[in-house]
Amino acid sequence: MPEKYDLHCHSTASDGTLSPTGLVQRAKNNGVTCLSLTDHDTTAGIIEAQTTADKIGIKLIPGVELSANWENKTLHIIGLNIKPASPELSRGIKNLQTTRKERAEKISLKLAKKNIDGALEAVKKLAGKGMITRLHFANFLVSNNHVATQQKAFDKFLGKGKPAFVTTQWPELETTVSWILDSGGIPIVAHPLRYKLSASWMARLLSAFKDMGGEAIEVVTGRSSAEEIYISGKYAKKFGLAGSIGSDFHSPDNVWVELGRLAELPSEIKPVWNLLD
Ligand code: AMP
Ligand code: MN
Ligand code: MN
Ligand code: MN
């Protein structure tokens with residue numbers, strides 16, 4: 001039976017709505033044979049996911065999606081097959097948790113200036129023990145009727161340049177990549193086309209990333225068009241990077257993105273799973 005990979009998704013440990021157990025079960029039901037849990041800046045869901053995966057018979061690869069800074073741009077870097085207990089990585093993640101807490105406080109203050117009160121308490125409740133992300137703020141803004149949709153929450157308040165946007169000092173890309181390598185993981189640029197980089201900026205990024213020890217980019221995501229897959233695949237080949245595929249699933253409420261519902265990696269692209277031991 002051919003493997004079916006989904007190497008990017010989120011649980012309640014960050015901004016997903018399914019528990020690690022619920023996520024693994026849903027992946028299994030959808031025919032995924034190899035799943036990576038990649039929560040934002042945390043590995044807290046991995047033990048539970050692994051336990052469930054072992055129980056129901058699906059392969060689980062420990063992962064993380066790290067927020068990083070490169071040339072004043074925020075990037076998301078997947079660490080695939082990391083060891084969560086690795087000292088540098090776990091220290092880095094601990095600091096990221098502080099960064100996210102402080103950022104959430106700042107976002108709440110900015111919302112209060114727009115006469116939107118109670119955001120911090122609300123997102124803390126929504127996130128529970130998990131990492132607070134802007135998606136939690138978006139859900140708070142929707143459920144309190146400040147905006148109609150998540151997208152509008154970003155367009156009106158949370159996106160770059162909007163009133164509740166907080167510039168955040170994420171770790172430098174080179175540092176992020178070194179933590180992943182140090183933990184035995186594979187660094188992957190997540191959703192490379194979402195940063196809206198020109199071709200020349202993309203070239204700068206991917207050659208720098210490769211020089212740092214980066215190994216792959218996501219070529220197929222849950223929302224990639226055929227054209228986007230073609231463009232990302234061309235970048236992978238041009239810069240000697242492997243290709244990954246991952247839905248970036250967050251919630252069953254988003255009917256556009258489903259665990260395991262992914263186009264195939266084009267056959268001329270080196271699959272990132274060939275780099276796994
Ligand atoms: P953060 O890492 O806290 O900045 O939050 C980023 C998360 O917010 C992403 O991982 C997505 O889950 C979500 N997000 C970002 N932009 C949008 C958008 N335009 N619409 C809906 N969700 C978004
Ligand atoms: Mn997210
Ligand atoms: Mn991301
Ligand atoms: Mn993601």
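All ligand and atom numbering here is 1-based and tracks the order in the structure.
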Numbered in order shown, the ligand 1 atoms found under 4.0 Å of a heavy atom of Asp15 are 7 (C), 10 (O), 12 (O)
Please list, in number order, the atoms of ligand 1 under 4.0 Å from a heavy atom of Thr133. 3 (O), 5 (O)
Quick check on the Mn ion (ligand 4): does His10 put an N/O/S atom closer than 2.8 Å to it? yes
Name of the His76 atom (N/O/S only) found closest to the Mn ion (ligand 3): ND1
Close N or O approach (His250, ligand 1; < 3.5 Å): yes
May I ask you to say whether Lys210 pairs ionically with Glu215, meaning some side-chain N is under 4.0 Å from a carboxylate O? no
Would you mind checking which non-hydrogen protein atom is closest to atom 5 (O) of ligand 1, with the distance to 0.1 Å? Arg134 N, 3.5 Å
Can you tell if the side chain of Thr33 reaches within under 4.5 Å of the side chain of Ile58, non-hydrogen atoms only? no
Check the surroundings of atom CD in Glu172: do more than 12 heavy atoms from other residues, nucleotides or ligands lie under 6.0 Å from it? yes
Run the numbers for me: atoms of ligand 1, each under 4.0 Å from some heavy atom of Leu135, listed by number. 8 (O), 12 (O), 22 (N)
More than 12 heavy atoms of other residues, nucleotides or ligands under 6.0 Å from CD of Glu174: is that the case? no
At a threshold of 2.8 Å, where the distance has to be below it, does the Mn ion (ligand 4) have an N, O or S atom of His8 nearby? yes
Side chains of Thr221 and Asp248: do they bring a donor and an acceptor to under 3.5 Å? no
For atom CD1 of Ile47, decide whether the heavy atoms of other residues, nucleotides or ligands shown that lie under 6.0 angstrom number more than 12. no
Would Ile78 end up clustered with Trp179 when hydrophobic side chains under 4.5 Å apart are linked, directly or stepwise? yes
For residues Asp41 and Gln97, is any side-chain donor paired with an opposing acceptor at under 3.5 Å? no
When you look at CD of Gln169, are more than 12 heavy atoms from neighbouring residues, nucleotides or ligands closer to it than 6.0 Å? no
Which N, O or S atom of Glu65 lies nearest to the Mn ion (ligand 3), by name: OE2
Return the closest protein heavy atom for atom 1 (P) of ligand 1 as residue, atom name and distance. Arg103 NH2, 3.6 Å
Distance to 0.1 Å, residue and atom name: give those for the protein heavy atom nearest to atom 16 (N) of ligand 1. Phe154 CE2, 3.4 Å
Which residue and heavy atom of the protein sit nearest atom 20 (N) of ligand 1, plus the separation: Gln151 OE1, 3.5 Å
Could you tell me which N, O or S atom of Asp248 is nearest to the Mn ion (ligand 4)? OD1
Distance-only N or O hit between ligand 1 and Gln150, under 3.5 Å: no
Checking Met202, His76, Lys73 against Tyr195 for side chain to side chain contact (heavy atoms under 4.5 Å, CB included), the one that qualifies is His76
Of the side chain and backbone of Ile132, name the one, both, or neither that has a heavy atom under 4.0 Å from an atom of ligand 1. neither
Best match, Lys160, His40, Arg100: closest heavy atom to atom 9 (C) of ligand 1: His40
